[in-house]
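Sequential numbering from 1 along the given sequence is applied to the chain's residues. What you see below is based on every heavy atom in this structure, not just the backbone, and it leaves out hydrogens, waters and symmetry mates.
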Amino acid sequence: MTAARALTRGLLTIASVTAAAAGAMCATEPSGEMPAAERPVAKAIDSYDAIPAPILPAFTQESSPCHVEEARLRFASGTDLEDAEGNRLVFMPCGTPGAYNEPYALYFGIDEASLHRIVFPDMTKEGPSILMTAYNLTYEPSTKTLTSFHRGRGSGDCGSWYRWHVDLARSNHVLVLMDQRVKGACDGNDLGGPQNWTPVWAGSARSGD
């Protein structure tokens, strides 16, 4: 497996470059095949040299909130995706990881030079909001879906779960929140998965374009 994220904390992982190019970034949740021409080109970011130059300082400068030691990238790598039109989507570990959760930042650009950080849409009691980082990301190119699962504890029977639709052709609305769920009770019953937990926000069902 090429530069796979094989984390010892047992969380959902971003899989190898090979698996990503075949249609899934998460080896634990494989998807159907995509036509070869539509598959994003995926590159593992497992060293400083692999980080795109425009965003490199955010991860190498010790004063940066997203500073990451190069050694950490060997077991919690980033991923650089490029679609057929040259649009780029870069996932990078950012911030202090927890026992079961790896925080990620997201960058988008119509090319490498225009890469910039984008936020994750969120829904709060007060209304729409944003997250700067999301945890344990899984990207599914075949459905253009990005999910985040923040585990309340290792068994995954509580926590929060998000699902966003990803549209790289809409530079002003790359992520659209489609589903947000939460379960506060860590009672040993995961209800069949976080997608079955209490909805905080549920948009209309949407398949890949």
Side-chain angles (χ1 to χ4, degrees), residues 2-3 5 13-26 34-70 72-74 76-95 102-122 128-148 162-178 203 206 208-209:
T2 305
R5 275 192 53 212
T13 63
I14 296 179
S16 67
V17 168
T18 302
M25 286 178 64
C26 179
M34 296 178 67
E38 298 179 10
R39 294 176 190 167
V41 176
K43 299 178 182 178
I45 300 176
D46 53 7
S47 68
Y48 282 167
D49 288 343
I51 300 176
I55 65 173
L56 180 61
F59 302 96
T60 57
Q61 293 181 356
E62 293 187 3
S63 60
S64 171
C66 280
H67 173 254
V68 58
E69 296 291 341
E70 188 169 22
R72 178 179 164 194
L73 293 174
R74 291 197 289 270
S77 65
T79 300
D80 184 351
L81 287 176
E82 182 175 359
D83 69 9
E85 286 72 43
N87 297 308
R88 300 278 287 275
L89 195 64
V90 177
F91 304 79
M92 281 295 297
C94 171
E102 185 75 44
Y104 273 79
L106 192 59
Y107 291 79
F108 169 78
I110 58 174
D111 51 31
E112 180 169 312
S114 65
L115 281 172
H116 61 282
R117 191 168 179 180
I118 61 174
V119 296
F120 300 88
D122 180 33
S129 186
I130 59 172
L131 300 170
M132 294 304 296
T133 57
Y135 294 84
N136 309 334
L137 295 178
T138 302
Y139 178 55
E140 191 66 76
S142 63
T143 58
K144 299 181 180 179
T145 299
L146 179 68
T147 58
S148 168
Y162 294 81
R163 178 172 62 90
W164 298 277
H165 178 75
V166 180
D167 189 344
L168 298 184
R170 300 177 62 193
S171 59
N172 292 327
H173 298 90
V174 177
L175 295 185
V176 176
L177 181 62
M178 303 303 296
R206 181 173 185 175
D209 293 340

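- Taking CG of L56 as the start and CD1 of I51 as the end, the distance is 5.5 Å to the nearest 0.5 Å.
- Legend: residues meeting ring pair (Phe, Tyr, Trp, His ring centres under 6.0 Å) with F59, ordered by chain and number and at least two apart, are Y107.
- Between R72 and E102 there is a salt bridge, with a side-chain nitrogen of the basic residue lying less than 4.0 Å from a carboxylate oxygen of the acidic one.
- In this structure, CG in L89 is found 6.5 Å from OH in Y139, a value given to the nearest 0.5 Å.
- Among residues at least two apart or in separate chains, there is no salt bridge (charged side-chain N to carboxylate O under 4.0 Å, His left out) pair with a member in residues 52-61.
- Applying the side chain to side chain contact (heavy atoms under 4.5 Å, CB included) criterion to E62, with sequence neighbours excluded, gives H67.
- Considering only residues two or more places apart in sequence or on other chains, P121 meets the side chain to side chain contact (heavy atoms under 4.5 Å, CB included) condition with W164, L175, L177.
- Inter-residue side-chain proximity for M132 and P65 is flagged as unmet; no heavy-atom pair is nearer than 4.5 Å.
- Among residues two or more places apart in sequence or in another chain, the side-chain hydrogen bond (donor to acceptor under 3.5 Å, both in side chains) test is passed with E112 by R88.
- L168 places a side-chain heavy atom less than 4.5 Å from the side chain of V174.
- With E140 contributing its side chain and T145 its backbone, the two residues share no donor-acceptor pair below 3.5 Å.
- Remark: side-chain polar atoms of S148 are paired, donor with acceptor, to backbone N or O of Y135 under 3.5 angstrom.
- Looking at Y48 and L73, their side chains come closer than 4.5 Å, going by heavy atoms from C-beta outward.
- Here S114 pairs with D111 under the side-chain hydrogen bond (donor to acceptor under 3.5 Å, both in side chains) rule; sequence neighbours left out.
- For the side-chain hydrogen bond (donor to acceptor under 3.5 Å, both in side chains) test, residues two or more places apart in sequence or in another chain that qualify with N87 are D83.
- For the pair V176 and D167, the minimum side-chain heavy-atom distance is 4.5 Å or more.
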